[in-house]
Amino acid sequence: MADVQLDTVDALMARYAAGILPEPARVLVEAHLEMQSVNRPQVAEYETVVGDILEHMEPVSLRLRDEALKAVFAAAPLAMADTASAQPVNAFFPKAIRDFAGLNAAEIPWKRKLPGFKEYSLGKIDGCDVSFFWLKPGRVIPAHTHEGYELSLVLDGAFNDTRGRFAKGDISVADESIDHRPVAEAECPCIGFAVSQAPVKLTGSWRQLLGDMIG
């Protein structure tokens with residue numbers, strides 16, 4: 001993700017349509033499109049443009065054609081999803097994230113990071129740090145900026161920062177130009193899925209930082 005400019009949601013949608021996002025970022029966008037329909041027409045337009053470009057490109061000979069076809073025909077048939085039992089009644093994870101993480105919402109083995117702030121890391125995948133986060137109602141995240149890009153998809157609840165409100169299905173795109181102090185709304189916990197390029201850099205006064213760390 002280091003060489004990809006992801007400073008806006010529009011840029012994220014365009015790269016999703018072109019198929020050039022790292023896998024965790026692709027999953028995040030796909031989950032967003034499951035949860036909200038607002039960006040689907042835009043993605044469809046981008047995909048049309050990409051299709052037109054591919055249609056006018058000079059064809060390239062397929063290397064090892066016979067071996068590739070043999071592998072395709074030898075592959076096991078795809079299993080059909082059981083849509084009736086694919087999602088528990090109380091789950092709120094989109095299918096894209098459930099398939100990627102191999103977990104439902106109730107199965108996350110949270111680890112306490114700060115008072116009122118829990119996290120579950122999936123580790124580094126395709127060059128990105130990938131994790132889930134849980135914030136208790138009203139929890140403040142210490143003020144920080146970013147040494148690289150951070151994409152956050154709100155799966156449940158909402159948070160606010162200097163840019164506005166991010167609710168269920170919204171994507172927050174933050175980079176080194178953003179210095180913020182997100183606050184979970186008071187009604188319910190805020191749960192999200194985060195894909196980041198590099199660690200955050202804490203900002204703000206020591207007094208504020210200490211208060212935010214204690215929670």
Side-chain angles (χ1 to χ4, degrees), residues 1-59 78 80-84 86-101 103-105 122 125-133 146 148-178 180 182 184-185 187-188 190-197:
M1 197 157 59
D3 298 326
V4 179
Q5 292 297 315
L6 295 177
D7 53 350
T8 66
V9 172
D10 285 349
L12 190 61
M13 295 301 126
R15 282 154 180 77
Y16 171 80
I20 57 174
L21 286 176
E23 180 63 7
R26 182 199 67 77
V27 169
L28 183 146
V29 173
E30 193 165 306
H32 160 74
L33 295 173
E34 283 184 55
M35 299 175 75
Q36 293 187 5
S37 61
V38 63
N39 282 317
R40 291 177 192 167
Q42 184 181 29
V43 169
E45 290 180 9
Y46 287 143
E47 289 174 337
T48 299
V49 172
V50 171
D52 289 341
I53 293 172
L54 292 174
E55 187 175 346
H56 292 90
M57 289 178 64
E58 290 295 325
L78 295 175
M80 297 299 291
D82 181 0
T83 55
Q87 182 174 355
V89 174
N90 63 345
F92 51 76
F93 280 7
K95 182 178 185 301
I97 287 181
R98 294 200 314 276
D99 291 348
F100 177 73
L103 294 166
N104 285 312
L122 296 176
I125 302 173
D126 203 6
C128 306
D129 291 313
V130 187
S131 63
F132 292 94
F133 61 86
H146 302 266
Y149 297 104
E150 180 184 68
L151 312 174
S152 299
L153 173 66
V154 179
L155 297 171
D156 202 36
F159 73 85
N160 294 269
D161 65 12
T162 54
R163 299 167 298 165
R165 182 175 189 262
F166 295 86
K168 188 173 180 177
D170 290 339
I171 297 175
S172 163
V173 180
D175 60 15
E176 66 276 1
S177 69
I178 303 296
H180 61 160
E185 290 192 348
E187 286 73 18
C188 65
C190 178
I191 301 175
F193 177 68
V195 176
S196 58
Q197 180 187 15

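Numbers here simply count residues along the sequence, with the first being 1.
- The CZ atom of R26 sits 12.0 Å away from the CG atom of L12 when rounded to the nearest 0.5 Å.
- When all heavy atoms of M35 and L153 are compared, the pair lying nearest together is SD-CD2, 4.3 Å.
- Partners of D99 under the salt bridge (Lys or Arg N to Asp or Glu O under 4.0 Å) rule, at least two apart in sequence or in another chain, are K95.
- Here the side chain of D126 pairs a donor or acceptor atom with the backbone of E23 at under 3.5 angstrom.
- Remark: side-chain polar atoms of E34 are paired, donor with acceptor, to backbone N or O of A96 under 3.5 angstrom.
- For the atom pair L21 CG and R15 CZ, the distance stands at 8.0 Å (nearest 0.5 Å).
- Taking every heavy atom of both residues into account, D161 and P182 meet most closely at CB-CA, 4.1 Å.
- Annotation: side chain of L33 is in contact with side chain of N39 (closest heavy-atom distance under 4.5 Å).
- Among residues two or more places apart in sequence or in another chain, the salt bridge (Lys or Arg N to Asp or Glu O under 4.0 Å) test is passed with R40 by none.
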### Task
Output, in order, the C-alpha distance, side-chain angles, deciding distance and verdict of side-chain hydrogen bond (donor to acceptor under 3.5 Å, both in side chains) for D175 and S177.
CA-CA 5 Å; D175 60 15; S177 69; 2.5 Å; yes
### Query
Would I171 and M13 satisfy side-chain contact (heavy atoms from CB on, under 4.5 Å), going step by step from the backbone distance to the final call?
CA-CA 11 Å; I171 297 175; M13 295 301 126; 3.9 Å; yes
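- A158 approaches C190 most closely through the heavy-atom pair O-CB, 3.6 Å.
- Using a 4.5 Å cut-off on side-chain heavy atoms (C-beta onward), F193 and V130 make contact.
- The minimum heavy-atom distance between I178 and R163, with the atom names listed, is CD1-CD, 3.9 Å.
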### Task
List the steps, then state whether side-chain contact (heavy atoms from CB on, under 4.5 Å) holds for I191 with F132.
CA-CA 7 Å; I191 301 175; F132 292 94; 5.6 Å; no
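- Between H32 and G169, the shortest heavy-atom distance links the atoms ND1-O, 2.6 Å.
- Taking the salt bridge (Lys or Arg N to Asp or Glu O under 4.0 Å) definition, one finds that D170 meets it with nothing, sequence neighbours left out.
- In this structure, the side chains of F93 and L155 come closer than 4.5 Å at one or more pairs of heavy atoms.
- Between F166 and F159, the two ring planes are parallel [angle under 30°; tilted spans 30° to 60°].
- Side-chain atoms of C128 and Y149, non-hydrogen and from C-beta on, never get closer than 4.5 Å to each other.
- Between the Q197 side chain and the L151 main chain, no donor and acceptor come within less than 3.5 Å of each other.
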